[in-house]
Asks: 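Take a look at the following structure, please.
Every value quoted in this text rests on a predicted model; they were computed, and no experiment measured them.
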Amino acid sequence: MNEPQGTSAPPEPHQLLQIARTAAELAVAAADHATEAVCRSRSGSTPRLEEVMHAAHAHAVEAEKYADWAAGWEADGAAEYVLHRYVTSAVDAAVRAQSAAGVEVTATALRSQLEQPPTAQERAERESERRREEAEEEAAERAATGMDKDNRHLARMNDYYAESEVPELGWTAGHVRVLEAAETGRLYWRDKQARQAARHGQWEGGRKISSERTRALYGARFLIGTRREDGTRVLALSPMGQVALELARLHPEGLYATDQEAYQARYDRVAKRHQRSDDKKAAARRLPPLYDGALRFYRRPVTLVEQELQAQRNAAQQWEDEGGYCPGVQTPRPAAEAAAESTTPAARPSITAPAAPAGQELLRRLFAPRRMPEQARDPLRTVIRRPRRTLTPQEREIVKDVPLLNLQGALIMGLVDPVPNSSPMPEIDGAWVREHVWPDHFQPTEKRYPWGFHRWSMCERGVCWNCRSKRCDLCVHRQKGGPDVDDNKDWVYDSTGHVVSQLILRADDAPCVWWCRCPCAKDGPAPSRKPAPAPTPEPAPKELPPAKTTRRRAADRPSQDALF
C-alpha cells in the first residue's frame with residue numbers, strides 16, 4: 001500500500017548516489033539501443049537512425065558526467081543541496097536519452113524518488129539543527145568580540161561611517177590629540193593659549209596644546225567652552241566632537257600626515273572657480289563639520305559585560321522594597337546590609353510571612369476593596385515594586401518605527417517596555433513557537449506592537465504613558481486608585497479563529513496584576529509638576545571668531561559658549 005503524500009522520508013546521500021548511477025545506466029542503455037538500431041538498419045533509414053544515435057549518445061554522456069560529479073561530492077566538500085542538483089540533472093539527462101532513442105521512458109520513476117517532501121518531524125529536526133548551528137555561531141562570535149549581534153552590526157556600521165567620513169574632516173593626528181585632551185576634562189584656554197592641566201581643577205600651567213588647532217576645532221563646534229570667574233575657559237567635547245573623535249579612532253588611516261596635506265585636501269574640496277583666491281584660502285582654513293547622517297546614525301556599541309553591569313545597576317537603583325513581592329526576581333540589597341544581617345541577625349526587625357502559599361495571601365489582601373478612611377489601614381496593602389526595564393538604543397529605534405496609532409496603544413497598555421517573567425523556554429524557541437504554532441489570526445495583532453501583544457500578561461507590563469511623559473501626578477494607577485487586575489480567563493480557539501471554549505488559567509483565584517513600574521508614589525499628595533528652570537546663557541564671544549554656519553540651521557543648534 002502506498003504511503004500518504006508527505007509522510008515518506010527524503011532520500012539520504014547514499015540513496016541519491018544510487019539514483020544517479022541508475023540514471024547513468026539507463027541513459028547508456030538507451031544510447032546502446034540506438035547504436036544497435038543503426039547497425040541493423042538498411043541504407044534508406046541509416047541517416048535518421050544515426051541522428052537519433054548521436055542525440056542519445058550526447059544525453060548519455062551528460063548523464064554520466066553528472067553521476068561522476070555526484071560520486072565525488074563529499075571529497076570536493078560540496079553541500080548536500082549541490083548533490084541533489086547533480087542527481088536531478090543526471091535523471092533529466094537519462095529521460096532525454098530514452099526519449100531520443102525511442103525506448104520506454106523508465107527514468108521518470110527516478111524523479112518521483114527525488115520529489116518526496118520531508119515529513120513534519122524531519123522539518124522540525126532540520127529547523128532545530130539550523131537553530132543549533134546559529135546558536136553555536138552566535139556563541140563563537142560573542143566570545144570573539146564580546147558583543148551581541150545588534151552591537152556587532154553597530155560596530156560594522158560605525159566602521160563604514162568612519163571610512164567615509166574621516167577623510168572628509170581634513171584632520172591630522174594633531175586634531176585628534178586636541179580632542180583627546182578635551183576628553184580628559186583638563187583642557188582649558190587662558191591668555192590666548194590652550195593647555196592641558198596636570199590635574200583636574202588646577203587651571204594653571206600644564207602641557208601646551210596647539211592653539212591654532214584648538215581655535216579651528218572650536219570654530220567648527222567640535223569643542224564647547226565654560227567660562228570661569230578668573231576668565232579661564234574650560235573646553236570640553238561637544239556631542240559632534242565626541243562622535244568625530246571615536247570615528248577618527250576607528251579609521252586612523254583617514255587622517256592626513258601633515259597640516260599642509262590636510263589643508264590642500266580641504267582646499268580641493270571647497271574651492272570654487274568663481275571665488276577669489278583669498279576666499280578659497282579662508283574656506284580651506286575652516287574645518288568642515290561632521291556630516292549629519294554620521295552624527296545621527298552613529299551609536300557606540302555596548303559589550304556584554306557593560307550590559308550586565310548596567311542591568312545590575314538599574315535593578316539596584318530602581319527597586320524599592322516596600323513590602324511587595326515580585327515572583328521569580330531576587331531583591332537586590334547593598335553588600336553592607338547583607339553583611340550586617342549575617343553578623344547581627346537579631347538587630348534586624350523580623351517580618352512574619354503569611355501562612356498561605358508565597359504571595360497568595362499577600363495578593364488577596366493587597367487587592368481587596370479599599371477601607372474607609374476611618375478604618376485602620378492594612379500594612380500589607382502597599383505598592384508592589386517590580387524592576388523597571390530600560391530600553392537600549394537599539395530597542396528605542398524599534399519603538400520609533402512603530403506606526404503612531406499602534407504606538408499610542410502600546411503606551412496606554414504599558415507594552416512599550418514590558419518586563420518578561422522568568423521562563424524555562426529560550427527566546428529563540430519562543431519565537432519559533434509564535435511563528436509556527438500560534439494560529440494565524442494572532443499574527444496581525446502581534447505584529448502591530450513593537451514587542452508583540454498576546455505574549456504579555458498583566459504582571460509583565462511596564463511604565464504607563466503618563467509616567468513616561470514625566471507626569472507622575474497623572475499616573476494611571478494613581479488615577480484609578482489601584483492596579484489593573486486580570487480576570488484570569490482566556491479563550492480556546494479553533495483553526496478558523498472561533499472561540500470553542502473558555503480556559504480558566506488560575507483556579508486558586510490568584511490575580512495577575514499590572515502596577516506601573518515607575519518608582520513614583522501611587523497614593524498620597526501628587527508630586528510637583530513644575531518645570532526645571534532654564535540655564536542662563538553666557539555672554540557672546542569677544543576674541544575668538546564665532547562658530548561658522550554648517551549644513552544645519554543655526555537656530556536648530558544649541559547655543560555654545562565662547563572661549564573669551
Side-chain angles (χ1 to χ4, degrees), residues 154-155 158 161-162 165-166 169 171-252 255 287-290 294-296 298-303 305-307 309-310 313-314 317 390 393 532-548 550 557-564:
L154 280 181
N158 292 340
Y161 295 145
E165 295 302 325
V166 172
L169 294 174
W171 287 5
T172 63
H175 294 87
V176 176
R177 288 194 294 268
V178 173
L179 295 185
E180 289 177 343
E183 189 181 26
T184 62
R186 294 185 282 118
L187 181 64
Y188 71 97
W189 182 279
R190 189 172 184 179
D191 298 333
K192 300 183 180 181
Q193 176 62 50
R195 295 177 180 270
Q196 183 178 4
R199 292 190 300 272
H200 185 77
Q202 181 180 350
W203 310 116
E204 291 184 358
R207 182 170 62 91
K208 288 185 177 181
I209 303 296
S210 173
S211 300
E212 181 180 357
R213 297 191 183 104
T214 304
R215 286 175 179 269
L217 290 170
Y218 178 83
R221 296 183 179 270
F222 292 103
L223 294 173
I224 55 176
T226 304
R227 178 188 297 178
R228 294 176 52 84
E229 296 179 356
D230 57 356
T232 303
R233 286 284 180 171
V234 180
L235 302 180
L237 289 175
S238 66
M240 182 173 64
Q242 183 66 48
V243 174
L245 175 59
E246 294 184 9
L247 292 179
R249 288 171 174 171
L250 290 176
H251 188 63
L255 302 175
L287 296 180
L290 187 65
L295 182 61
R296 184 169 61 254
Y298 175 84
R299 296 291 184 274
R300 178 183 174 273
V302 183
T303 62
V305 176
E306 293 173 341
Q307 292 179 4
L309 294 177
Q310 184 62 35
R313 287 193 295 265
N314 292 341
Q317 294 173 2
T390 302
T536 305
E538 295 191 5
K542 296 181 179 180
E543 297 187 24
L544 270 185
K548 303 300 179 180
T550 62
R557 297 200 186 102
S559 59
Q560 296 193 23
D561 298 330
L563 287 180
F564 297 92

Asks: According to salt bridge (Lys or Arg N to Asp or Glu O under 4.0 Å), who are the partners of Arg177, at least two apart in sequence or on a separate chain?
Replies: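 By the salt bridge (Lys or Arg N to Asp or Glu O under 4.0 Å) rule, Arg177 matches no residue at all.
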Asks: Please name the pair of heavy atoms, one in Ala194 and one in Ser211, separated by the smallest distance, quoted to 0.1 Å.
Replies: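 That closest heavy-atom pairing would be N-OG, 3.6 Å.
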Asks: For residues 240-251, dump all side-chain donor-acceptor pairs below 3.5 Å to protein atoms at least two apart in sequence or in another chain.
Replies:
residue: Gln242; atom: NE2; partner: Glu246; partner atom: OE2; Å: 3.0
residue: Glu246; atom: OE1; partner: Tyr298; partner atom: OH; Å: 2.1
residue: Arg249; atom: NH2; partner: Glu183; partner atom: OE1; Å: 2.5
residue: His251; atom: ND1; partner: Glu253; partner atom: OE1; Å: 3.4

Asks: Which atom names give the shortest non-hydrogen contact between Arg213 and Gly174, and what distance separates them?
Replies: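 Between these two residues, the closest heavy atoms are CD-C, 3.6 Å.
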Asks: Under 3.5 Å, side chain of Arg190 to main-chain N/O of Trp203, donor-acceptor pair present?
Replies: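 Between the backbone of Trp203 and the side chain of Arg190 there is a qualifying donor-acceptor contact (under 3.5 Å).
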Asks: With side-chain contact (heavy atoms from CB on, under 4.5 Å) as the criterion, how do Leu179 and Leu237 come out once you've worked through the C-alpha distance, each side chain's angles and the decisive distance to 0.1 Å?
Replies: CA-CA 7 Å; Leu179 295 185; Leu237 289 175; 3.5 Å; yes
Asks: To the nearest 0.5 Å, how far apart are OH in Tyr188 and CD1 in Ile209?
Replies: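 Reported value, rounded in 0.5 Å steps: 10.0 Å.
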Asks: In Å, rounded to the nearest 0.5 Å, how long is the span from NE2 of His200 to CZ of Arg186?
Replies: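 Answer rounded to 0.5 Å: 9.5 Å.
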Asks: Might you confirm whether atom CD of Glu306 has over 12 heavy atoms from other residues, nucleotides or ligands at distances under 6.0 Å?
Replies: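 Buried by this count: over 12 neighbours within 6.0 Å.
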Asks: Please answer whether the main-chain N or O of Phe222 pairs with a side-chain N or O of Ser238 as donor and acceptor at a distance below 3.5 Å.
Replies: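 A pair under 3.5 Å: yes.
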Asks: To the closest 0.5 Å, what do you measure between CG (Leu217) and CG (Leu187)?
Replies: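 Answer rounded to 0.5 Å: 9.5 Å.
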Asks: Looking at Glu212, I want to see if its CD is surrounded by more than 12 non-hydrogen atoms of other residues, nucleotides or ligands under 6.0 Å.
Replies: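 Counting other residues, nucleotides and ligands, CD of Glu212 stays at 12 neighbours or fewer.
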Asks: Check whether Asp191 reaches the backbone of Gln193 with its side chain - one donor and one acceptor, N or O, closer than 3.5 Å.
Replies: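 No: the side chain of Asp191 does not pair with the backbone of Gln193.
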Asks: Can you find a heavy atom in the side chain of His175 that is under 4.5 Å from one in the side chain of Leu169?
Replies: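 No, too far: nothing below the 4.5 Å cut-off.
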Asks: Looking only at heavy atoms, what is the nearest atom pair of Arg299 and Pro393, with distance?
Replies: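 Reported closest heavy-atom pair: CD-CB, 4.3 Å.
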Asks: Main chain of Gly206, side chain of Arg195: is a donor-acceptor contact present, judged purely on distance under 3.5 Å?
Replies: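 Answer holds: yes.
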